[in-house]
Amino acid sequence: MQAAETASLEEQFHGWGEVVLLSDRVLRWEKPWFPAAIMGTVSFIFLMIYYLDPSVLSGVSCFVMCLCLADYLVPTLAPRIFGSNTWTTEQQQRLHEICSNLVKTRRRIIGWWSRLFVLKEEKPKMYFMSMITALALVAWIGQQVHNLFLTYLIVSLALLLPGLNKHGVITKFVGMGKREINKLLKQKEKKTE
């Protein structure tokens, strides 16, 4: 099933292979200046949105128009820019890995979503309290932080996440957090003894 989904995704990326591989290299920070380029690009786009201050309808329309232009132009221009003869088995294998990772991520999200509904059926009070608490927290954060800035932070984090993961930054900080929690738990155990 996963192999079929991966093959289907690879087929949908037909004509986008070079762009997907380039995006993957940038998002995984294969060069040390890629994080700065990502943040510079994201900052420029959000500064333009802030400066132009489009209405929601205009913003969505322009975004979808850019997607449509990319959908039309990328398959047409990519072979001319990257060269159609340069596609190798190594690149095909990397594209397959990327598609496989995207399918796995999609499946994880669907799994989390289904677990939420299982929690709703098995423990409705726990579901209700956790959803109300989480949504109240999100509403409070949304009230305290400007929408555009919050969106900027979310987009920046989402684009930096693959590089942070590849370079072990996330693992390092999660490990530090686990050690601190273990220290606190050990201190609490010593106090109770």
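We're numbering straight along the sequence, starting at 1.
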Side-chain contact test, heavy atoms from C-beta onward, threshold under 4.5 Å: evaluate it for [X] versus [Y] and give yes or no.
X: L9; Y: E5; answer: no
X: Q92; Y: T88; answer: no
X: D71; Y: W16; answer: yes
X: I49; Y: T151; answer: no
X: T6; Y: E10; answer: yes
X: H146; Y: L150; answer: no
X: M131; Y: L116; answer: yes

Quick check: is [Y] connected to [X] through a chain of hydrophobic side chains (ILVMFWY, heavy atoms under 4.5 Å apart)?
X: I45; Y: F34; answer: yes
X: L69; Y: F13; answer: yes
X: L148; Y: V138; answer: no
X: F149; Y: L52; answer: no
X: V155; Y: I141; answer: yes

request  = Take the angle between the ring planes of H167 and W29 and call it parallel below 30°, perpendicular above 60°, tilted in between.
outcome  = parallel
ask   = Shortest non-hydrogen contact from I170 to N165?
value = CD1-N, 3.8 Å
ask   = So how far is it from E18 CD to L95 CG, rounded to the nearest 0.5 Å?
value = 9.5 Å
inquiry  = Regarding T133 and S130, do their side chains bring together a donor and an acceptor under 3.5 Å, going by distance alone?
reply    = no
message = Under the criterion side chain to side chain contact (heavy atoms under 4.5 Å, CB included), I'd like the reasoning laid out for V145 against W140: C-alpha separation, chi angles, the key distance, then a yes or no.
response = CA-CA 9 Å; V145 182; W140 180 79; over 6 Å; no
[Y] backbone acceptor or donor facing [X] side chain under 3.5 Å:
X: S100; Y: H96; value: no
X: N182; Y: K178; value: yes
X: S23; Y: V19; value: yes

request  = Please lay out, stage by stage, how D24 and R28 fare under the test side chain to side chain contact (heavy atoms under 4.5 Å, CB included).
outcome  = CA-CA 6 Å; D24 178 60; R28 288 185 304 117; 2.9 Å; yes
query = Hey, mind stepping through Y152 and S43 against side chain to side chain contact (heavy atoms under 4.5 Å, CB included) and telling me if it holds?
reply = CA-CA 8 Å; Y152 170 77; S43 297; 2.8 Å; yes
query = Under the side chain to side chain contact (heavy atoms under 4.5 Å, CB included) criterion, do L159 and T41 qualify, and how do the steps go?
reply = CA-CA 11 Å; L159 292 176; T41 303; over 6 Å; no
